[in-house]
Q: 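A single structure is presented below for examination.
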2 protein chains.
Amino acid sequence: MNGPEIPGVVIHRLPMYARALALLQAEGRDVISSLELGQELGVTPAQIRKDLSYFGRFGKQGRGYNVQQLIDRLRSILGLDREWRLALVGVGRLGQAILGYGGFSPQGFKVIRAFDSDPDQIGQILDGVRVESVANLEQSLRETPVDIGIVAVPAASALHVIDVLVASGVHSILNYAPIVNRAPPGVHLRQIDPVLELQSMTYYLKQRENETDTPAID
Amino acid sequence: MNGPEIPGVVIHRLPMYARALALLQAEGRDVISSLELGQELGVTPAQIRKDLSYFGRFGKQGRGYNVQQLIDRLRSILGLDREWRLALVGVGRLGQAILGYGGFSPQGFKVIRAFDSDPDQIGQILDGVRVESVANLEQSLRETPVDIGIVAVPAASALHVIDVLVASGVHSILNYAPIVNRAPPGVHLRQIDPVLELQSMTYYLKQRENETDTPAID
DNA sequence: GTATGTGAACTCTTTCACAGCC
DNA sequence: GGCTGTGAAAGAGTTCACATAC
């Protein structure tokens with residue numbers, strides 16, 4: 001029944017394609033070739049065609065892709081043609097920034113529950129969401145399930161919160177805490193980790209400096 | 001003069017190794033094998049050994065790696081043994097969460113400048129950093145350079161801000177705005193993009209649902 | 001005995017290049 | 001003529017397996 005397994009790298013590129021296409025559409029574009037889309041994204045046209053070929057044949061030879069149609073197909077493939085319910089754990093500064101961020105909702109990601117351990121926060125309504133006690137997390141999520149959990153608590157409690165989310169039936173988690181990623185089997189855990197990004201960027205910064213300091217001796 | 005080019009994937013894994021090692025050290029561990037470190041991280045021991053072998057020979061056969069020594073070597077390779085100065089552009093909710101985040105400073109990443117376009121914010125002092133007008137960005141950064149720029153402005157202005165940062169001599173940028181990534185040549189641009197993460201997570205969520213809905217017919 | 005470091009084998013991913021179609 | 005879709009080739013990255021060292 002299953003088609004061939006589709007590489008994870010391919011899945012990861014599709015949302016970018018969808019985003020670029022939406023932009024092009026907003027500019028009034030209604031047909032585009034893999035070459036142009038590739039230039040837009042800094043990606044080879046062959047890669048775009050190969051990626052899309054995993055899912056079907058969406059283009060017209062000699063012409064390119066219909067922008068609207070391709071957006072629709074990508075959104076359907078990725079499951080972006082419906083709403084997904086999220087629960088946020090941790091409403092500190094970061095959690096509040098997440099709640100207030102206007103970029104999730106238009107993409108169909110609705111944060112419908114929020115949890116915290118701070119008694120001063122519990123009961124507050126932040127951006128239309130009532131903050132519940134994290135002590136009720138499991139029971140509360142069993143009553144009203146969500147599709148995805150967002151973890152925005154300090155590193156020290158993140159592993160515990162992730163365990164509780166999993167126990168509550170949440171298998172897809174977006175984690176902002178800087179922990180060592182140890183997803184239990186069957187759990188889809190993604191990290192948002194600016195420190196890790198910075199810590200690999202510095203390698204290249206250092207390289208650049210070294211190049212400048214010691215000009216190559218030919 | 002240059003050694004062989006080291007794959008980017010390898011560089012990206014090193015900060016995780018360093019983080020796991022720091023944790024192990026805090027637990028009092030002072031020697032570790034690639035097997036154990038791999039179990040900690042969910043990575044094969046061969047991968048760890050191969051990754052490290054790009055940079056030298058840090059272990060002792062029959063014994064493993066000295067935790068402290070390996071941390072020091074990794075930090076030196078990545079350039080984490082010094083301070084890096086950052087400039088933040090955009091002090092809205094997200095920008096303020098970034099300024100207030102306690103996780104950068106202990107790792108040597110100091111946000112020393114902040115910029116915004118909102119007249120109500122300009123002149124304010126947030127977490128010890130005076131907010132300057134984004135109109136002065138280029139001049140200000142030319143006077144007091146930084147190593148890395150952080151972009152936390154709305155998507156509509158992000159491309160412009162990135163251009164100005166580059167013009168100001170900042171070639172390493174961590175961008176939080178959901179844009180189509182088009183780094184000018186020679187610029188090291190990294191995206192922090194939770195929406196993109198969610199949009200690929202849903203593919204797997206959908207898969208899981210389909211599997212559950214239609215049990216396989218053997 | 002035990003675990004590293006590393007060529008060789010393997011697997012995954014990207015790119016090429018062209019037949020087929022518009 | 002122009003661009004897609006796709007096998008085949010090339011290139012990257014990972015894992016194996018073992019000689020080597022402690």
Side-chain angles (χ1 to χ4, degrees), chain A residues 2-17 20-21 24 29-74 77 181 200 203-204, chain B residues 2-17 20-21 24 29-74 77 181 200 203-204:
Chain A
N2 279 355
E5 195 68 38
I6 291 158
V9 274
V10 174
I11 303 301
H12 269 77
R13 281 191 293 261
L14 300 186
M16 259 304 203
Y17 297 169
L21 287 163
L24 287 159
R29 202 61 195 272
D30 47 53
V31 171
I32 193 153
S33 68
S34 59
L35 179 65
E36 287 172 291
L37 184 56
Q39 285 166 344
E40 204 63 29
L41 283 156
V43 150
T44 66
Q47 179 155 86
I48 292 173
R49 296 202 301 275
K50 182 64 109 180
D51 284 354
L52 296 178
S53 77
Y54 283 101
F55 303 95
R57 319 164 97 234
F58 307 134
K60 294 252 179 296
Q61 276 109 326
R63 202 166 140 68
Y65 301 88
N66 177 294
V67 173
Q68 179 65 60
Q69 265 173 33
L70 188 50
I71 290 174
D72 290 347
R73 291 300 288 115
L74 287 173
I77 290 163
N181 191 326
S200 55
Y203 173 80
Y204 297 99
Chain B
N2 279 356
E5 196 67 36
I6 291 158
V9 275
V10 173
I11 303 300
H12 268 77
R13 281 191 293 263
L14 300 186
M16 259 304 203
Y17 297 169
L21 287 164
L24 287 159
R29 201 63 194 273
D30 44 56
V31 171
I32 194 153
S33 68
S34 59
L35 179 65
E36 288 171 289
L37 183 57
Q39 285 165 346
E40 204 64 30
L41 284 156
V43 149
T44 66
Q47 179 153 84
I48 292 172
R49 295 202 300 277
K50 182 65 107 182
D51 284 354
L52 296 178
S53 77
Y54 283 102
F55 304 96
R57 320 166 96 233
F58 308 135
K60 294 252 181 294
Q61 277 109 326
R63 203 166 142 66
Y65 301 87
N66 177 295
V67 173
Q68 178 66 61
Q69 267 173 32
L70 189 49
I71 290 175
D72 291 346
R73 291 300 288 113
L74 287 173
I77 290 162
N181 190 326
S200 55
Y203 173 81
Y204 297 100

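Letters A, B, ... mirror the listed sequences (proteins, then strands); counts begin at 1.
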Q: Quick one: is B/Thr44 getting a side-chain N or O under 4.0 Å of the D/dT15 phosphate, OP1 or OP2?
A: yes
Q: Which residues within residues 7-16 of chain A lie with some heavy atom under 4.0 Å of an atom in DNA chain C?
A: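 DNA chain C contact set from residues 7-16 of chain A: A/Pro7, A/Val9, A/Arg13.
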Q: Identify which nucleotide among C/dT6, C/dT15, C/dA3 has an atom closest to any side-chain atom of B/Ser53, counting heavy atoms from C-beta outward.
A: C/dT6
Q: Please tell me whether A/Asp51 and A/Gln47 have a donor and an acceptor in their side chains that are separated by less than 3.5 angstrom.
A: no
Q: Does a nitrogen or oxygen in the side chain of A/Ser34 sit under 4.0 Å from OP1 or OP2 of D/dT4?
A: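 Checking D/dT4 against A/Ser34, a side-chain N or O does come within under 4.0 Å of OP1 or OP2.
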Q: Rounded to the nearest 0.5 Å, what's the gap from CZ on B/Arg73 to CG on B/Asn66? Could you check?
A: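 It is 12.5 Å, given to the nearest 0.5 Å.
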Q: Could you tell me the separation between the CG atom of A/Leu35 and the P atom of C/dT15, rounded to a whole number of Å?
A: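 Roughly 14 Å, once rounded to whole Å.
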Q: B/Glu5 has an atom CD; how far is it from atom C1' of D/dG13, in whole Å?
A: 15 Å
Q: What heavy-atom pair brings A/Val31 and A/Arg63 nearest, and what distance separates the two atoms?
A: CG2-NH2, 3.3 Å
Q: Once each nucleotide of nucleotides 17-22 of chain D is scored for protein heavy atoms under 4.0 Å, what B/S/- sequence comes out, 5' to 3'?
A: B--BBB
Q: Please state how far atom CZ in B/Arg73 lies from atom P in C/dG5, giving the value in whole angstrom units.
A: 12 Å
Q: Give the minimum heavy-atom separation between A/Leu21 and A/Val67, together with the two atoms involved.
A: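 Answer, listing the atom of A/Leu21 first, then A/Val67: O-CG1, 3.6 Å.
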Q: Under the side-chain contact (heavy atoms from CB on, under 4.5 Å) rule, what do A/Phe58 and A/Leu74 come out as? Steps first, then yes or no, please.
A: CA-CA 10 Å; A/Phe58 307 134; A/Leu74 287 173; 5.9 Å; no
Q: Assess the residue pair B/Val43 and B/Leu37 against the criterion (side-chain contact (heavy atoms from CB on, under 4.5 Å)); give the C-alpha distance rounded to whole Å, side-chain angles, the decisive distance to 0.1 Å, and a yes or no.
A: CA-CA 8 Å; B/Val43 149; B/Leu37 183 57; over 6 Å; no
Q: Given atom CD1 of B/Ile32 and atom P of C/dT4, what is their separation to the nearest angstrom?
A: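 About 10 Å, once rounded to whole Å.
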Q: Would you kindly give the NZ-to-P distance between A/Lys50 and C/dT14, to the nearest whole Å?
A: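 Taking NZ of A/Lys50 and P of C/dT14, I get 11 Å after rounding.
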Q: Please report the distance, rounded to the nearest Å, between CD in A/Gln47 and C1' in D/dT4.
A: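 Distance, rounded to whole Å: 16 Å.
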Q: If I take atom CD1 in residue B/Ile6 and atom C1' in nucleotide C/dT6, what distance separates them, rounded to the nearest angstrom?
A: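 So the CD1-C1' distance, B/Ile6 to C/dT6, works out to 16 Å.
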Q: Measure the NZ-OG distance between A/Lys50 and A/Ser34 for me, rounded to the nearest 0.5 Å.
A: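 Between A/Lys50 NZ and A/Ser34 OG, I get 13.0 Å after rounding to 0.5 Å.
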Q: According to a strict under-4.0 Å criterion, is A/Tyr65 in side-chain N/O contact with OP1 or OP2 of D/dG5?
A: yes
Q: With the side chain counted from C-beta on, respond yes when A/Tyr65 and A/Glu36 share a heavy-atom pair under 4.5 Å apart, and no when they do not.
A: no
Q: Using atom CG of A/Leu70 as one end and atom C1' of D/dG5 as the other, report the distance to the nearest whole Å.
A: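 Spelled out: CG on A/Leu70 to C1' on D/dG5 is 14 Å.
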Q: Quick check on DNA chain D: between B/Asp51 and A/Gly64, whose nearest nucleotide comes earlier from the 5' end?
A: A/Gly64
Q: Passes side-chain contact (heavy atoms from CB on, under 4.5 Å), B/Ile11 versus A/Tyr204? Steps please.
A: CA-CA 9 Å; B/Ile11 303 300; A/Tyr204 297 99; 3.6 Å; yes
